[in-house]
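Everything below concerns the one structure shown next.
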Amino acid sequence: MHDKKASPVPPAPPLFTWEFASDPYPAYAWLREHAPVHRTALPSGVEAWLVTRYADARQALADQRLSKNPVHHSEAAHGKGKVGIPGERSANLMTHLLNIDPPDHTRLRRLVSKAFTPRRVAEFAPRVQELTDRLIDGFADRGEADLIHEFAFPLPIYAICDLLGVPPEDQDDFRDWAGMMIRHGGGPRGGVARSVKKMRGYLTELIHRKREDLGEDLISGLIRASDHGEHLTEDEAAAMAFILLFAGFETTVNLIGNGTYALLRNQGQRERLQRALAEGDEGLLATGVEELLRYDGPVELATWRFATQDLTIGGQRIAEGDPVLVVLAAADRDPERFAEPDTLDLSRRDNQHLGYGHGIHYCLGAPLARLEGQTALATLLRRLPDLRLGADPEELRWRGGLIMRGLRTLPVAFTPEDIADTTTRENPSV
């Protein structure tokens with residue numbers, strides 16, 4: 001009697017192709033099973049470790065031996081500029097929360113955290129609802145729209161500009177710069193770096209103007225804030241405003257876009273949510289947005305980390321100086337942590353997903369993103385109840401880029417909204 005031969009391990013799937021971008025989850029399932037901590041060459045040429053299992057990911061996100069500061073990267077000099085946001089180094093915008101460790105991280109995070117308390121976010125809710133309705137008003141009577149460009153993209157841009165204190169007359173400039181930044185490889189060569197440089201120049205000028213006339217906005221708060229008598233430097237204030245804008249809009253663009261797309265592909269769950277909203281039950285909306293973050297979240301890989309000493313993750317030795325990328329999209333579909341992880345269940349309760357990170361770098365703007373996501377999805381489903389895809393899913397394209405996951409476009413169709421309904425909503429006395 002011969003022992004049965006072990007089944008051969010299937011070959012590793014290709015990573016970071018256009019086909020992979022459309023649906024990375026089968027490849028991540030292979031990595032979780034066969035190579036949970038996997039060294040690979042990224043499209044930029046930089047080599048990094050991908051961490052794909054939930055338990056390992058959670059450990060890595062909280063491990064302070066993994067620094068956020070690129071100075072710890074052991075890559076040759078030519079690779080050092082390839083591990084962050086294009087243009088942030090040359091624009092002197094490196095001293096922000098995604099690139100620093102304690103104690104500077106602790107000090108800066110404390111200074112800005114007061115802008116994102118539950119109370120402050122709740123006070124901002126009427127403004128988010130106003131922006132949401134205004135944007136839907138722009139296409140509701142047409143019967144079709146591109147929900148990325150006409151809704152998911154402008155909503156968080158205008159919201160974060162309001163919070164930062166960018167005057168209304170300047171917000172369209174921010175929209176243009178932000179649009180270039182999220183195109184990643186889809187725009188003109190060097191376009192992202194140029195947009196970052198323009199944004200830096202504008203923020204420096206705006207900080208100078210606000211010093212003369214402080215308001216209640218976040219940039220004014222950064223200017224007046226101090227921690228044990230230590231004020232933010234101008235570079236720190238500009239970098240903080242920049243990263244709050246950058247991190248505060250693209251994640252929400254993708255939350256709204258990916259979330260709407262998932263609902264349109266899962267008709268039973270979408271109808272369930274619509275029934276709950278019609279009955280005045282907001283509970284399913286809250287758990288539903290958390291499930292959408294887990295199921296196909298806006299951040300595919302957590303931002304860069306660098307080993308400050310030799311360490312072990314998931315049984316794999318990581319050398320000092322090596323870059324580590326935690327794959328949130330893989331961890332959040334780990335069957336060891338989530339029952340039926342590839343199934344969308346809006347009522348999922350035990351849902352400690354990693355979509356907003358974990359540990360000291362947990363997303364500061366999570367309360368605002370939740371508010372914007374819940375408001376956007378609920379309002380879309382209420383106002384456009386027969387919303388449906390306006391293109392074959394195979395025709396949709398996902399944006400390039402390493403960290404974020406989002407659609408380039410999301411064409412939809414629906415029964416045009418009766419203009420009388422809009423008039424009545426805006427003026428109940430009509």
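Taking a 6.0 Å sphere around CD of Glu169, one finds it holds more than 12 heavy atoms contributed by other residues, nucleotides or ligands. The number of heavy atoms from other shown groups lying within 6.0 Å of CD (Gln64) does not exceed 12.
Considering only heavy atoms from C-beta on, Glu250 stays 4.5 Å or farther from Ile403 through its side chain. Looking only at side-chain heavy atoms (C-beta outward), Pro298 and Thr252 stay at 4.5 Å or farther from each other. Inter-residue side-chain proximity for Leu42 and Thr40 is flagged as met; some heavy-atom pair is nearer than 4.5 Å.
Of all the heavy atoms in Leu61 and Ala302, the pair that sits closest is CD2-CB, 3.9 Å. What you find for Ile148 and Leu410 is that their closest heavy atoms are CG1-N, 3.5 Å. Of all the heavy atoms in Leu284 and Leu273, the pair that sits closest is CD2-CA, 3.7 Å. Between Ala60 and Ile313, the shortest heavy-atom distance links the atoms CB-CD1, 4.2 Å. Here the closest non-hydrogen pair linking His358 and Leu354 is CB-CD2, 4.1 Å. The heavy-atom pair separating Ala57 from Val326 by the smallest distance is CB-CG1, 3.4 Å.
When each of Leu387, Leu381, Leu389, Leu255 is paired with Thr260, the side-chain contact (heavy atoms from CB on, under 4.5 Å) condition holds for Leu387 and for no other. Residue Tyr158 forms a side chain to side chain donor-acceptor pair (under 3.5 Å) with just one option from Gln171, Arg175, Arg134, and that option is Arg175.
For Glu150 (side chain) and Asp146 (main-chain N/O), a donor-acceptor pair under 3.5 Å exists by modelled atom type. A donor-acceptor pair under 3.5 Å links the side-chain atoms of Arg53 to the main chain of Arg32, judged by distance alone.
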Legend entry - Evaluation steps, side-chain contact (heavy atoms from CB on, under 4.5 Å), between Leu163 and Leu368: CA-CA 10 Å; Leu163 273 179; Leu368 178 61; 3.3 Å; yes

Inset, instruction - For salt bridge (charged side-chain N to carboxylate O under 4.0 Å, His left out), just list the numbers for Asp133 and Arg383, CA-CA rounded to whole Å, side-chain angles, deciding distance to a tenth of an Å, and then say yes or no. - result: CA-CA 9 Å; Asp133 279 317; Arg383 291 188 57 180; 3.0 Å; yes

Inset, instruction - Quick one: do Arg399 and Glu300 satisfy salt bridge (charged side-chain N to carboxylate O under 4.0 Å, His left out)? Show the steps, please. - result: CA-CA 12 Å; Arg399 287 196 300 273; Glu300 190 166 340; over 6 Å; no

Inset, instruction - Check the pair Val46 / Trp304 against side-chain contact (heavy atoms from CB on, under 4.5 Å), numbers first and verdict last. - result: CA-CA 12 Å; Val46 174; Trp304 296 84; 4.1 Å; yes

Inset, instruction - Please lay out, stage by stage, how Phe174 and Phe249 fare under the test side-chain contact (heavy atoms from CB on, under 4.5 Å). - result: CA-CA 11 Å; Phe174 263 75; Phe249 86 89; over 6 Å; no

Inset, instruction - Assess whether salt bridge (charged side-chain N to carboxylate O under 4.0 Å, His left out) is satisfied between Arg305 and Asp63, documenting all intermediate values. - result: CA-CA 10 Å; Arg305 284 165 167 77; Asp63 194 329; over 6 Å; no

Legend entry - Worked verdict on Asp170 versus Arg209 for salt bridge (charged side-chain N to carboxylate O under 4.0 Å, His left out): CA-CA 13 Å; Asp170 295 342; Arg209 294 207 316 257; 3.6 Å; yes

Inset, instruction - Verify side-chain hydrogen bond (donor to acceptor under 3.5 Å, both in side chains) between Thr106 and Arg110, making sure each step is shown before the conclusion. - result: CA-CA 6 Å; Thr106 309; Arg110 185 185 302 127; 5.9 Å; no

Inset, instruction - I would like to know whether Asn258 and Leu292 meet side-chain contact (heavy atoms from CB on, under 4.5 Å); could you show each step before the answer? - result: CA-CA 8 Å; Asn258 298 4; Leu292 292 167; over 6 Å; no

Inset, instruction - Might you work through the side-chain hydrogen bond (donor to acceptor under 3.5 Å, both in side chains) test for Thr415 and Asp386, ending with a clear yes or no? - result: CA-CA 7 Å; Thr415 300; Asp386 66 343; 2.5 Å; yes

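Under the 4.0 Å criterion applied to side-chain N and carboxylate O atoms, Glu290 and Arg348 are not assigned as salt-bridge partners. Ion pairing between Arg337 and Asp350 holds under the 4.0 Å rule for side-chain N and carboxylate O. By the 4.0 Å N-to-carboxylate-O rule, Lys198 lies too far from Asp176 to be salt-bridged with it. With respect to the salt-bridge test (charged N to carboxylate O, under 4.0 angstrom), the residues Arg119 and Glu123 qualify.
Because its NZ or CZ atom is both nearer than 6.0 Å to the ring centre of Tyr25 and within 45° of the ring axis, Arg333 counts as a cation-pi partner of that residue. Cation-pi geometry between Arg397 and Trp18 is not met at under 6.0 angstrom from the ring centre and within 45 degrees of the axis.
Remark: aromatic rings of Phe20 and Tyr28 are close, center separation under 6.0 Å.
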